[in-house]
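The first residue in the sequence is number 1, and the count goes up from there. Counting starts at 1 for both ligands and their atoms, in listed order.
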Amino acid sequence: MRMPMIAGNWKLHKTRAEARDLIEGLKSQLEGLTGVEVVVAPPFTALETAAASLAGSAIQLAAQNCYPETTGAFTGEVSPLLLKDAGCRYVIVGHSERRQLLGESDEFINRKVHALSQAALGIIFCIGETLDEREADQMFDVLRRQVRLGLKGVTPDIMKDVVVAYEPVWAIGTGKTATDAQAQEAHAFVRALLREQLGQAAADATRILYGGSVKSGNVDGLMAQPDVDGALVGGASLKAEEFARVACFQTV
Ligand code: 13P
């Protein structure tokens, strides 16, 4: 009952011409694919180009970040309203690279969640523990804190627009994927947290994506886990053929 989502986070990659090429490649390779929602998240500067290339296709557009205000004196920032205007359907928030490199707090991420909800945009809300936290047995505490604070004030109705992405920081860009069992354990825990916070129906309906070195060679096993509803893909989303193979995962 949860439509799988395969989302490509391009991070700081792709000029407008490269974005167009990648999307044209994806469109031809994914033509006719059903039963999975495919999303691409180019950098801000390529969003408008990407939206034009995606017109008429089922592939959805996402941005990688936003600022939680609509307009005003916020130099260098981009609001949900502007992202919607650029053609976005989703926005990624809480990515570990922003938490770590830019010091984003759970409270700030929570403001973004509410701002995006007000703008009627879908939200890809990222959480995940570092290697130190996992080795210190703090993984469950970290995930609990990130979900409680990041989704503070979120009602079951708002939650309909939220997709959670579990991305263990130690698996991002390292080639070290969580095992299928590690991913399932974390996802089941996150779903239990959602149940406590939002109730059974919202927890059952929420998609939880796995992220961290997902590629065509490991996606099938991850997607076969009962609580893994999709993938947030970094490096493997930068080439059309490889990302298309991820999107065409097999669970049998
Ligand atoms: P990689 O797939 O490159 O490990 O990146 C994962 C990620 O951070 C997606 O948001």
Flag for Q200-D204: side-chain donor and acceptor within less than 3.5 Å: yes

Salt-bridge present (D106, R99; N to O < 4.0 Å): yes

Which pairs of N or O atoms, one from ligand 1 and one from the protein, are separated by less than 3.5 Å, and what is the distance for each pair?
residue	atom	partner	partner atom	Å
ligand 1	2 (O)	S213	N	3.4
ligand 1	2 (O)	G234	N	2.9
ligand 1	3 (O)	G235	N	2.9
ligand 1	4 (O)	G173	N	2.6
ligand 1	4 (O)	S213	N	2.8
ligand 1	5 (O)	K11	NZ	3.2
ligand 1	8 (O)	K11	NZ	2.8
ligand 1	8 (O)	H95	NE2	2.8
ligand 1	10 (O)	N9	ND2	3.0
ligand 1	10 (O)	H95	NE2	2.9
ligand 1	10 (O)	E167	OE1	3.2
ligand 1	10 (O)	E167	OE2	2.9

Distance-only side-chain donor-acceptor flag, Q64 / H95, under 3.5 Å: no

E107 bridged to K152 by N-O distance under 4.0 Å: no

Where L151 and N110 come nearest, the two heavy atoms and their spacing: C-ND2, 3.7 Å

Reported CD-to-CZ distance for the pair E129 and R134, which is rounded to 0.5 angstrom: 4.5 Å

